[in-house]
Amino acid sequence: MTPLGLSRSQAAEYIGVGLTKFDELVRTGQMPKPKKIGSRTLYDRRLLEEFFDELDSDDVNPWDEIKRA
C-alpha cells in the first residue's frame with residue numbers, strides 16, 4: 001500500500017527530484033506545502049500529483065535527454 005502522507009525525502013523522490021529542487025518547488029508554490037500531523041510533517045501524495053501535472057512541460061533539462069548517435 002502506498003502511503004497517502006509522504007516525508008520530504010519521499011515526496012522529492014516520488015516526483016523524481018532531489019531535496020534542494022523539491023524545497024525550491026515548494027518555496028515557489030510549484031509543489032504543495034506540507035501538512036502537520038502531530039510532530040510529523042507530511043506531503044499529501046494526491047496533491048503532489050496534481051501539482052506535478054500542472055508543471056510546465058516546456059522546462060526540460062537537457063541533461064535528462066538521452067542522446068542517440
Side-chain angles (χ1 to χ4, degrees):
M1 175 170 61
T2 304
L4 185 58
L6 303 175
S7 69
R8 177 174 159 258
S9 61
Q10 289 172 319
E13 184 177 356
Y14 189 68
I15 66 162
V17 298
L19 289 173
T20 302
K21 183 62 173 180
F22 183 75
D23 291 343
E24 176 187 328
L25 293 170
V26 172
R27 191 171 46 258
T28 60
Q30 294 175 285
M31 282 290 132
K33 293 185 185 271
K35 298 179 178 204
K36 282 291 258 189
I37 301 175
S39 64
R40 301 278 322 260
T41 300
L42 299 171
Y43 293 84
D44 184 321
R45 180 177 46 84
R46 297 168 302 186
L47 286 178
L48 290 169
E49 291 175 5
E50 287 179 26
F51 276 69
F52 186 84
D53 288 343
E54 295 300 317
L55 289 175
D56 185 9
S57 61
D58 291 337
D59 188 20
V60 176
N61 182 343
W63 292 103
D64 290 340
E65 298 297 313
I66 298 174
K67 306 262 189 224
R68 297 182 192 249

Can you sort out the partners of Leu6 under side-chain contact (heavy atoms from CB on, under 4.5 Å), two or more places apart, ordered by chain and number? Pro3, Gln10, Ala11, Tyr14, Arg45, Leu48
Is Val17 reachable from Leu55 through a run of I, L, V, M, F, W or Y residues, each pair having side-chain heavy atoms under 4.5 Å apart? yes
Anything under 3.5 Å between a donor and an acceptor, one on a side chain of residues 26-33, the other on a protein residue two or more places apart or in another chain? List them.
from	atom 1	to	atom 2	distance (Å)
Thr28	OG1	Glu24	O	3.0
Thr28	OG1	Leu25	O	3.3
Thr28	OG1	Gln30	OE1	2.9

Just grab all the ring pair (Phe, Tyr, Trp, His ring centres under 6.0 Å) pairs involving residues 20-50, residues at least two apart or on different chains. Phe22-Tyr43
On a heavy-atom basis, which atom in Ala12 and which in Gly18 lie closest, and how many Å separate them? CB-O, 4.0 Å
What residues form a side-chain contact (heavy atoms from CB on, under 4.5 Å) with Glu13, not counting sequence neighbours? none
Name all residues meeting the ring-ring contact (aromatic ring centres under 6.0 Å, His included) criterion together with Phe51; count only those two or more places apart in sequence or in a different chain, and write none if there are none. none
Rounded to the nearest 0.5 Å, how far apart are NZ of Lys35 and CG of Leu42? 10.0 Å
